[in-house]
Structures are given as C-alpha cells and as structure tokens.
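Here is the structure we will look at.
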Amino acid sequence: MMSICLISFISLFLLSITMFFLGLTFMYYDLIYFLEWEVLSLHSISILMTFLFDWMSLLFMSFVLLISSLVILYSKEYMSEDKSINRFIMLVLMFVFSMMLLIISPNLISILLGWDGLGLISYCLVIYFQNVKSYNAGMLTALSNRIGDVALLMAIAWMLNYGSWNYIFYLEFMFGDQCMMIVGLFIMLAAMTKSAQIPFSSWLPAAMAAPTPVSALVHSSTLVTAGVYLLIRFNYLMSMSLLGQYMLLISGLTMFMSGLGANFEFDLKKIIALSTLSQLGLMMMILSMGFMKLAFFHLLTHAMFKALLFMCAGSIIHNMMNSQDIRMMGGLCLNMPLTSSLFNISNLALCGMPFMAGFYSKDLILEMASFSYMNMFIYFIYFFSTGLTVSYSFRLVYYSMVGEFNSMSLHPLNDESWLMLKSMMLLVFMSMISGSLLMWLMFPSPLMISLTMSMKLMTLFVCLIGGVSGYMMSLGSLYFYNKSLSLNKFVIFFMNMWFMPFLSTVFIIKMPLKLGGMMKIMDQGWSEYFGSKNLFNKMIYITKIYQIIHFNNVKLYLLSFLMWIILFFFFYKYLNSLYL
C-alpha cells in the first residue's frame, strides 16, 4: 500500500508539469481565461466564484506545486520518526490548496479566503513542535499577519464603492481615482505583513521554529511571496504614485537590514531566513519601480534555489543531531560531499554566480536599476545589499564547509538519506537551468540596456568584495574581535534586526502588562477587601451564627422566645410612658 507521502508527491508533481505546459501555451498564444462558476442560485441571488488563468498564475502554480511535491517526498524521510506524519502532510496539502486559491483569484473575497487559509495553516505548522519557543513564534507570526488580514478586509469594504470585488476590471483607471488609492494603500499594507517588510520583519526569522520542510516550502518560496504576487496583480497602483516611492524606501531598508543582520547571525536557519527577507526586499524594490515582469522572474528563480538551500540546511541539521549552530559545523564537505555540493550550488545561485538561476534575474534587476531614474541612496542600497548577500553566503560556507569539524569526534554524519537527496537533485537541476529557461520564455526579445563599462561591471565587482569580506568575517581571530565589537551599541543594533523583534513583542506588551499589574493591586487588593470578597466572608460569618441557632436544642428557642417577650414588654412600657 502506498503511503500518503508518495500519493501526494506523484499527484502534485504531475499537476505541476501539466500547469507548466499549460502556462507555456497561454504565454505563446497570449491567452487569458476568466472563468465564472455559479456556486449557488436561489431565486434572485447567485453566488459566483471567479478564476483567472493566465501565463503568470499558471507558471507560479506550477513552481509552487513542484516545490511542494518535492518537499513532501523530502518529509517522508525527514519526518520519518514523527508519529503523526499524516497530519503533517495533510497540513502541507491544505497549505498548497490555499496558495492555489490565492493565485487564481481575480476577486478580493476569494483572495481573502486563500490569504486567511495561508495564515492559519502557517500558524499550525510553526507550532508543530509543541514547545514554548514554537508557541511564541507562532503567536508572533499569526498576530503580525492579522494586521494584513484586517487591511485586506478594509480594502474589501472600500471596493464596495465600485459595485464589484473583481479588482481586475478596475485596474485600468486606478491611479486617477482617489478611492482606489485607499484600496491600494490597504493592499500594500497587507502585502507588507505577508512579505515581512519593515516594520513587520521580526516574524520571518521567528517562524524558523517550524520543521525544516515547512521552512523550505512556506517561508522561502510560497507564503512570503504571496505579498509580492498580490502587488504584482495590483502593479498599476505602485507605479505613478506616492505609494510606489514609499514602498521603494521601505523594501530597500528591509533588504539592507536583513543583509546586515545575517552577517552577525550564528543560527543556520535564521541566516537563510534573513537571506529570504533580503531577496523579498529586492523583489519589492524593483516592483515599486514599475518592473512587474522582473519582480515575477526573480520570484520564480528565487523559489527554486531557496527551497534547495533550506532542504540542504535541513539535511545538515538532521545529521548534526538537531544542532543549528554554524560554529559547531566545519569540514562538512568531507563528511557530506553530495549535500555540500548542492548547498554550494544553491548558495552560488543566491549570490548571482554567472549563468545560474539567480544571475539572470538579479543581474537584470540591478542593470535595470542602474538604467532607471533614481537617486544615489537607492542605488547604494541596491548594490551594497547585493554585496552583503554574497558576504553572508560566503561566511556561511567558510563556517560550515571548510576547516575542521567542531562538534563531537563520534558523530553520525553521512550522506545516505536517499529520499532527501533525490528530492534535492531535481531542485538543483532547476536552480541551474530555471534562470535561462524563464529568461528565454518571458523576454523573447532582448532587452537593450546601455551602460558604461564601470556600471556594467559594478555587480561583479560588488560580489567579489562581498566574497572577500565574507571570508574575513569567518576568520577565528576576527570572530574574537567581533566579540569585543558586540559590546558596541551600534553593532548590537545591527545584530538584532534594528531591535525589531523587541519592538514587535516586549515593547508592545510591556506597558499594558504594567497597567495590568497596577489594576491587579487594586482588583485583588483594597477593592477586594472592601468589596465582593469581604462582603462574602461577612455573610458566611453571619450565616454560621444563624446556623448554630437554627440547629440547636429547644432551650435556645425558649430563651430567644423569652427575650422577645421581655423586649416586647419593655417596648410596650416605653410607648405607654410616652403617651401618658
């Protein structure tokens, strides 16, 4: 009997190939299918579901399905010791379904369904390992994304001015209309939370508490790119408006901040998470400058090599007996040669090594940025952040692959996880060819970018400097120098993502908790003594006295009866004396 993993893998993989060839057909013939499905018709009420199939949605679906099928195959071995692996696979399948619904929806209501499904299942997957750290990370993830959900609901409310929620019909006259700009603002806020832009960046590294296959699928290639995909659909709002300029600054700062943070990080998965954040910043930057196709191109190529990078990291963590500290690694290329090769290939694709997947999209983005009309600050952010990407990638390679093994001498390092390696093999193939393949498909006519020699070579030059600085940061003597530097307030500021994890958690909750403490003193203090609790105690005391009287013998009844007679007699005498 076939397991749920294999059934899911085969179905998703075949569906992915179908979607890919359909996408090519739609691209070649320039087709767009807009389908309406009448779910319910009752008297004069009809409920319609609308779907939009074009080359963009079909290609994105094909890539999402490919990665999710390989991640499920990878999980069969990675999660083999888990008792409830079927529940895990079902969660991943529900996640894929939510993602499909988001991708093919031209309607804000069905987008909200997919969007909320992503948020909810992402929360369930982050808290999959049930411990305090996972619950904290899950709450931070869920609550950060709630802001985006509310923004989407507000956008739905504003769309009522147009009489329909099919935003696809109103894209043409968006930037002239004040009302539509408000919808655009809310959509942008939603995209910023889902794609973890400043000030919502802290949830993405925290979400690394999830199992590694989840990080490979959810927090690298699908969930976090949902925000970018939504803005690609609303791209008319970004160009030609102040929103685009604002988004350009925010995403540039996100890219810069995450690149700096990754150079000081020692947790393997967090380094890759910050690298994802940096690439999301790059996508958002080029998108806010109006280059929609380039952002989508980088989104697809990045999904491939980043999923592979996470899978290799998972394989390393699995063999390191669940240790994620890169200081404990070293010399992995001797013990795990094949995994190390795949790890290095995906790292080089991320850095933009010529003729690999990342090169085609990153180089084109940087050249178009150089070619565009923008200021020196944005230009500096683009190129400096690219240098930082190469720097932390090389630092990671030097720490983990080169030198001596820094953990225990008796270790279980091996390269025999065949199912995991098979799923990584296909991704490494895609990490090498997907760049050129998509370039030839999406940009059939060559783009003419005329730059000076120095500007043309600037990308390569920045990458080389980044590589050298990555090597220097990995040196042991400099590490101790870094230790002394870490006492410096500025370095602490850069290391901790500009204090965003603190600002998102402690900063928000500290004052309410303090106020709650003061209220507790009042609530469970004096007001308790003079109010409900003490009143209750007094009533109990009086009731006990009455109980003694009621449950005692005849003597007490006669005594009380006598006392009543004496009191009545004295009262009678007193009244008589008054009237006489």
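In this text, all values refer to a predicted model and were calculated from it rather than measured experimentally. For this chain, numbers begin at 1 and follow the sequence in order.
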Legend entry - T225 side, atom OG1; I103 side, atom CD1 - distance, nearest 0.5 Å: 8.0 Å

Inset, instruction - Say whether, by atom type as modelled, one donor and one acceptor occur between the side chain of S16 and the main chain of S62 under 3.5 angstrom. - result: yes

Inset, instruction - Could you please spell out the steps behind the side-chain hydrogen bond (donor to acceptor under 3.5 Å, both in side chains) verdict for S341 and N344? - result: CA-CA 5 Å; S341 306; N344 286 339; over 6 Å; no

Inset, instruction - Determine, step by step, whether L309 and F305 satisfy the side chain to side chain contact (heavy atoms under 4.5 Å, CB included) criterion, reporting the C-alpha distance in whole Å, the side-chain angles of both residues, the deciding distance to 0.1 Å, and the verdict. - result: CA-CA 6 Å; L309 199 55; F305 58 74; 5.9 Å; no

Legend entry - With F13, the side chain to side chain contact (heavy atoms under 4.5 Å, CB included) member among L65, L73, L426: L426

Inset, instruction - May I ask you to check whether over 12 heavy atoms, not counting those of Y28, lie within 6.0 Å of atom OH? - result: no

Legend entry - Distance in Å, L364 CG paired with M442 CE, rounded so as to fall on 0.5 Å steps: 9.5 Å

Legend entry - Geometric class of the F296/Y229 ring pair [parallel <30°, tilted 30-60°, perpendicular >60°]: tilted

Inset, instruction - Can you establish whether the number of heavy atoms outside M90 located under 6.0 Å from its atom CE is more than 12? - result: no

Legend entry - Residue pair R395 / I271, side-chain heavy-atom distance below 4.5 Å: yes

Inset, instruction - Only one of S275, S431, S215, S346 passes side chain to side chain donor-acceptor pair (under 3.5 Å) with K306; say which it is. - result: S275

Inset, instruction - Could you tell me whether the side chain of L299 reaches within less than 4.5 Å of the side chain of F60, counting heavy atoms only? - result: yes

Inset, instruction - State, yes or no, whether a side-chain contact exists between F256 and L388 at a heavy-atom distance under 4.5 Å. - result: yes

Inset, instruction - Classify the side-chain pair T301/S361 by whether it contains a donor and acceptor separated by less than 3.5 Å. - result: yes

Inset, instruction - Step through it carefully: locate the ring centre of F53, locate the ring centre of F26, and say whether they are under 6.0 Å apart. - result: no

Legend entry - Heavy-atom side-chain contact between V64 and M19 under 4.5 Å: no

Inset, instruction - Provide the closest heavy-atom pair for H219 versus S122 in the form atom of the first, atom of the second, distance. - result: NE2-OG, 3.9 Å

Legend entry - Considering all heavy atoms, the nearest A216-V71 contact: CB-CG2, 4.1 Å

Legend entry - Backbone of N414 reached by a side-chain donor or acceptor of N319 within 3.5 Å: yes

Inset, instruction - Look only at the side chain of S110 and the backbone of P106, and say whether a donor-acceptor pair between them is shorter than 3.5 Å. - result: no

Inset, instruction - Keeping the roles fixed (side chain from S288, backbone from M285), state whether a donor-acceptor pair exists under 3.5 Å. - result: yes

Inset, instruction - Give, for atom NZ of K293 and atom CE of M368, the distance between the pair rounded to the nearest 0.5 Å. - result: 12.0 Å

Legend entry - Closest non-hydrogen atom pair between P501 and N496, with its separation: CD-O, 3.4 Å

Inset, instruction - Count the heavy atoms of every other residue, nucleotide or ligand shown that sit under 6.0 Å from OH of Y123, and state whether that count exceeds 12. - result: yes

Legend entry - Donor + acceptor pair across side chains of S391, N263 (<3.5 Å): yes

Inset, instruction - State the CE-CG distance between M473 and L396, to the nearest 0.5 angstrom. - result: 12.5 Å

Inset, instruction - May I ask you to decide if F359's main-chain N or O and D363's side chain share a donor-acceptor pair within less than 3.5 Å? - result: no

Inset, instruction - Answer whether the closest heavy-atom distance between the side chains of H298 and Q279 falls below 4.5 Å. - result: yes

Legend entry - Polar side-chain atom of S258 near backbone of M255 as donor-acceptor pair, under 3.5 Å: yes

Inset, instruction - Step through the shown structure and confirm whether more than 12 heavy atoms of other residues, nucleotides or ligands are within 6.0 Å of CZ on F443. - result: yes

Inset, instruction - Using modelled atom types only, decide if a donor and an acceptor are shared between the side chain of S134 and the backbone of I127 within a distance under 3.5 Å. - result: no

Legend entry - M27, CE: over 12 other non-hydrogen atoms inside 6.0 angstrom: yes

Legend entry - Test side chain to side chain contact (heavy atoms under 4.5 Å, CB included) applied to I187 and L108, step by step: CA-CA 10 Å; I187 293 291; L108 276 182; 3.9 Å; yes

Inset, instruction - Check the pair S57 / R233 against side chain to side chain contact (heavy atoms under 4.5 Å, CB included), numbers first and verdict last. - result: CA-CA 10 Å; S57 61; R233 286 291 185 208; 3.5 Å; yes

Inset, instruction - Measure from the side-chain N and O atoms of S315 to the backbone N and O of C312, and report whether any donor-acceptor pair falls under 3.5 Å. - result: no

Legend entry - Gap separating the CD atom of Q324 from the CG atom of L268, nearest 0.5 angstrom: 7.0 Å

Legend entry - Considering all heavy atoms, the nearest M329-S323 contact: CE-O, 4.0 Å

Legend entry - Whether N406 side chain and R327 backbone form a donor-acceptor pair below 3.5 Å: yes

Legend entry - Side-chain ion pair, K269 and D267, N-O less than 4.0 Å: no

Inset, instruction - Kindly compute the distance separating OG1 (T276) from CE (M208), expressed to the nearest 0.5 Å. - result: 6.5 Å

Inset, instruction - Taking the side chain as every heavy atom from C-beta outward, state whether F405 and L332 have any pair of such atoms under 4.5 Å apart. - result: yes

Legend entry - Neighbour count >12 (heavy atoms, 6.0 Å) for atom CZ, F97: no

Inset, instruction - Compare every heavy atom of T386 with every heavy atom of C463, then report the nearest pair and how far apart it is. - result: SG-CG2, 4.4 Å

Legend entry - Distance flag, aromatic centroids of F394 and Y471, threshold under 6.0 Å: no

Legend entry - Student check: side-chain heavy atoms of L93 and L12 closer than 4.5 Å: yes

Inset, instruction - Tell me, yes or no, whether the heavy-atom count around F129 atom CZ, taken from other residues, nucleotides or ligands under 6.0 Å, exceeds 12. - result: yes

Inset, instruction - Given side chain to side chain contact (heavy atoms under 4.5 Å, CB included), test S201 with T254 step by step and report yes or no. - result: CA-CA 8 Å; S201 303; T254 307; 4.1 Å; yes

Legend entry - Pairwise side-chain contact, F343 with L308, heavy-atom cut-off 4.5 Å (strictly under): no

Inset, instruction - Report yes or no: does W203 contribute a side-chain atom to a donor-acceptor pair with the main-chain N or O of T193 at less than 3.5 Å? - result: yes

Inset, instruction - Quickly, which of Y128, Y78, Y74, F95 forms a ring-ring contact (aromatic ring centres under 6.0 Å, His included) with F88? Name it, please. - result: Y128

Legend entry - Heavy-atom closest contact (M497 atom, P205 atom, distance): SD-CG, 3.6 Å

